Amino acid sequence: MKEFAVFWGCTIPARFPFIEKATRVMFDDLGAQVHELAGHTCCPEGTLVKANDPDTFYTAAARNLALVEQAGLDVVTPCNGCYSTFKEAQSHLKTHWRERDVINERLEREGLHYGGDLQVIHFAEWLSDGLGAGVIASGAKKPLWGMRIAVHYGCHLLRPQPAVRWDDPLHPTKVEAIVSALGANVVDYTTKMQCCGGALDRVGERDSSLAFCRRKLNDLQNNQVDALVVVCPSCFQQFDLNQAAMQRANENIHVPVLYLSELIALTYGHTPEEIGLDMHRVSVDSFLKKWNARASDKKRIAQNFDVALLGKCFNCSACKDDCPVCKVDTTFKPTEIIGQVLRGEIDQVIEDGQIWKCVECYTCQELCHSGIGMAETFRKLKELAIAASKGPESVPQSYKMFMETGTLGKPRESARKKLGMGPLPASGGDAMARLMAEPEDTHKGAE
């Protein structure tokens, strides 16, 4: 079991205790024991404290870390701001050793000493680097299959890069890897690396702050995401609290926001009520409703298809331009149809009738480097369409004829005779009908 000192920071306990609850639940589920130490102050926040007095900023950060060192632990935090403050302080005081000595002289009066050797870890960092996405995914009882989820990292989880040194400061992927491992489709979007704008709100620039928030939320809404996942309480405040303010002003915007620990707790089987999701200002009901529906969709799809194989086929899509039908009929888009199936839209696919344009030539399978192809998927969809009494009239008519005669066309004996050919032997239609008859029907026929 991994043991940490936990540093909740100011914002989470004060404004978002439900995030604290979900994070505690997550730590328990993943086998981490967190210790809460007495005596911590604000980390402190950079904009409001460092701008006034850098010496106070570094002294407060060093004191908080010295308390953790005294306990003989490393420290984990679910807050980007605290993480960035501690990382920056560690980096600065390592280089500026004279400042560190002055601070330690002060700390001696409190019986403390800052050495700077402890590890400062963001909870997303521990999930990614300490456990790994595969381990986290292995505990999920209800994966996020079919859900479209976007990730917002927040500036201070990644930068300043010389101090933080975790993920790529401009092109991060580690949180997305966790969300993807939990089964979701991670949505990329244009404003992914844009700041939430929360710092502007702290200095009286609310309109600009809301403009940052609005731009990102509109981008996410245009990308039809089911939820935005964040790992920072200030970012959560922007996208949840301030989005709610926009909604009250009748702005047409709705993007449910979840903390990463909330998302993990949900997939591990904890209920929304247990972790307080009803305390969000922006309702997450649409996310929960769709998630439940997608779980039912997956069950239905799994009855007819290998879902993992179907997903692999859809994500590859390398053969979509090789389909000979696509070359003459641009309305036939087989990859998009497979995407519809993965989204649980089987009834719409069957009703639309495009599946009958697959000529089952198996070109896609021959060219598929994984030997999958799309033809078998379309054949199965045709079976489902027939079972639902959908599809071209000619298909059931031809089947009826086959079952009655054993052929799909009677020989033209007059034309054959004219060409000097004799009659063909009797067909095996009767035998075929007997083979396919129900046992009791066969018994009755014998009587």
Side-chain angles (χ1 to χ4, degrees), residues 6-23 40-52 57 60-61 64 75-89 120-125 150-161 163-164 166-167 169 172 175 191-217 219-220 227-246 253 255-263 276 279-282 284:
V6 63
F7 192 90
W8 297 110
C10 302
T11 307
I12 289 177
R15 308 197 70 167
F16 311 120
F18 48 89
I19 292 177
E20 180 185 333
K21 175 65 181 289
T23 308
H40 277 148
T41 64
C42 174
C43 58
E45 200 278 335
T47 302
L48 303 180
V49 177
K50 190 178 178 185
N52 280 286
F57 174 81
N64 282 321
V75 64
V76 66
T77 180
C79 172
N80 283 12
C82 301
Y83 178 70
S84 180
T85 290
F86 291 154
K87 284 289 200 181
E88 185 182 349
V120 174
I121 305 164
H122 191 282
F123 87 105
E125 181 181 12
V151 171
H152 170 79
Y153 281 82
C155 305
H156 297 132
L157 180 62
L158 306 167
R159 301 184 288 269
Q161 196 266 347
V164 174
W166 177 50
D167 204 343
V175 175
T191 58
K192 172 181 152 184
M193 295 311 298
Q194 177 196 288
C195 173
C196 72
L200 291 169
D201 212 358
R202 295 192 197 103
V203 294
E205 297 289 341
R206 182 161 178 76
D207 288 345
S208 297
S209 173
L210 291 181
F212 265 73
C213 182
R214 183 182 295 109
R215 181 168 182 260
K216 190 152 201 157
L217 291 171
D219 189 11
L220 292 166
L228 173 67
V229 168
V230 300
V231 289
C232 170
S234 292
C235 300
F236 182 86
Q237 179 171 321
Q238 273 291 83
F239 298 125
D240 184 69
L241 278 176
N242 283 336
Q243 181 183 177
M246 294 178 199
I253 199 160
V255 179
V257 185
L258 292 165
Y259 224 70
L260 179 60
S261 53
E262 293 178 324
L263 194 72
M279 296 181 186
H280 287 210
R281 296 297 179 87
V282 173
V284 298

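On a predicted model such as this, the values are computed, not experimentally measured, just so you know.
- Under the 3.5 Å distance criterion, the side-chain polar atoms of Thr23 are matched with a main-chain donor or acceptor of Ile19.
- In this structure, the side chains of Val282 and Val255 stay at 4.5 Å or more apart for every pair of heavy atoms.
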**Message:** Please evaluate residues Val203 and Thr47 with respect to the criterion side-chain contact (heavy atoms from CB on, under 4.5 Å), reporting the C-alpha separation (whole Å), side-chain torsions for both, the decisive distance (0.1 Å), and the verdict.
**Reply:** CA-CA 9 Å; Val203 294; Thr47 302; 4.1 Å; yes

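- Using a 4.5 Å cut-off on side-chain heavy atoms (C-beta onward), Val6 and Thr77 make no contact.
- For Pro17, the side chain to side chain contact (heavy atoms under 4.5 Å, CB included) test picks out no residue, with sequence neighbours left out.
- A distance-only check finds no donor-acceptor pair linking the side chain of Asp201 to the backbone of Gly197 [under 3.5 Å].
- Among residues two or more places apart in sequence or in another chain, the side-chain hydrogen bond (donor to acceptor under 3.5 Å, both in side chains) test is passed with Arg202 by Glu45, Ser234.
- Here Glu125 pairs with nothing under the salt bridge (charged side-chain N to carboxylate O under 4.0 Å, His left out) rule; sequence neighbours left out.
- Residues satisfying the ring pair (Phe, Tyr, Trp, His ring centres under 6.0 Å) criterion with Phe18, sequence neighbours excluded, are Phe16, Phe236, His280.
- Nearest heavy atoms, Gly198 versus Ser209: CA-OG, 4.2 Å.
- When every heavy atom of Gln194 is checked against every heavy atom of His152, the shortest pair comes out as O-CE1, 3.4 Å.
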**Message:** Gln243 vs Arg281, test: side-chain hydrogen bond (donor to acceptor under 3.5 Å, both in side chains). Steps then yes/no.
**Reply:** CA-CA 8 Å; Gln243 181 183 177; Arg281 296 297 179 87; over 6 Å; no

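- Rounding to the nearest 0.5 Å gives a distance of 7.0 Å between CG of Leu200 and SG of Cys195.
- Not a single ring pair (Phe, Tyr, Trp, His ring centres under 6.0 Å) links Phe212 to another residue, sequence neighbours left out.
- A pairwise comparison of heavy atoms in Val164 and Leu158 identifies CB-O, 3.9 Å as the closest pair.
- In terms of heavy-atom proximity, Met193 sits nearest to Pro169 at CE-O, 3.8 Å.
- A search for salt bridge (charged side-chain N to carboxylate O under 4.0 Å, His left out) contacts involving Asp219 returns nothing, not counting sequence neighbours.
- Using modelled atom types, no side-chain atom of Tyr259 and backbone atom of Val229 make a donor-acceptor pair closer than 3.5 Å.
- Residues satisfying the side chain to side chain contact (heavy atoms under 4.5 Å, CB included) test with Cys43, not counting sequence neighbours, are Phe7, Cys82, Thr85, Phe86.
- Here the straight-line distance linking atom CD of Glu20 with atom CD1 of Ile12 works out to 8.0 Å at 0.5 Å rounding.
- For the side chain to side chain contact (heavy atoms under 4.5 Å, CB included) test, residues two or more places apart in sequence or in another chain that qualify with Ala124 are His122, Trp166, Val175, Val231, Leu260.
- Residue Lys216 comes nearest to Lys192 through the heavy atom pair NZ-O, 2.8 Å, listed as atom of the first residue, atom of the second, then distance.
- For the pairing with Val230, the side-chain contact (heavy atoms from CB on, under 4.5 Å) check across Val257, Leu157, Leu258 returns one residue only, Val257.
- Among residues two or more places apart in sequence or in another chain, the salt bridge (charged side-chain N to carboxylate O under 4.0 Å, His left out) test is passed with Glu88 by Lys50.
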**Request:** Using the side-chain contact (heavy atoms from CB on, under 4.5 Å) rule, take Asp167 and Tyr153 through it: C-alpha gap first, then chi angles, then the decisive distance, then the call.
**Result:** CA-CA 10 Å; Asp167 204 343; Tyr153 281 82; 4.2 Å; yes

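- The CD1 atom of Ile253 sits 4.0 Å away from the CG atom of Leu217 when rounded to the nearest 0.5 Å.
- Gln238 places a side-chain N or O within 3.5 Å of a backbone atom of Cys196 that can act as its donor or acceptor partner.
- In terms of the ring pair (Phe, Tyr, Trp, His ring centres under 6.0 Å) criterion, His156 has no residue partners (sequence neighbours excluded).
- For Arg214, the salt bridge (charged side-chain N to carboxylate O under 4.0 Å, His left out) partners two or more places apart in sequence, or in a different chain, are Glu251.
- For residues 228-241, there are no salt bridge (charged side-chain N to carboxylate O under 4.0 Å, His left out) pairs, not counting sequence neighbours.
- Counting all heavy atoms, side chain and backbone alike, Pro233 lies closest to Pro78 at CD-O, 3.9 Å.
- Not one N or O on the side chain of Asn242 forms a donor-acceptor pair closer than 3.5 Å with the backbone of Cys213.
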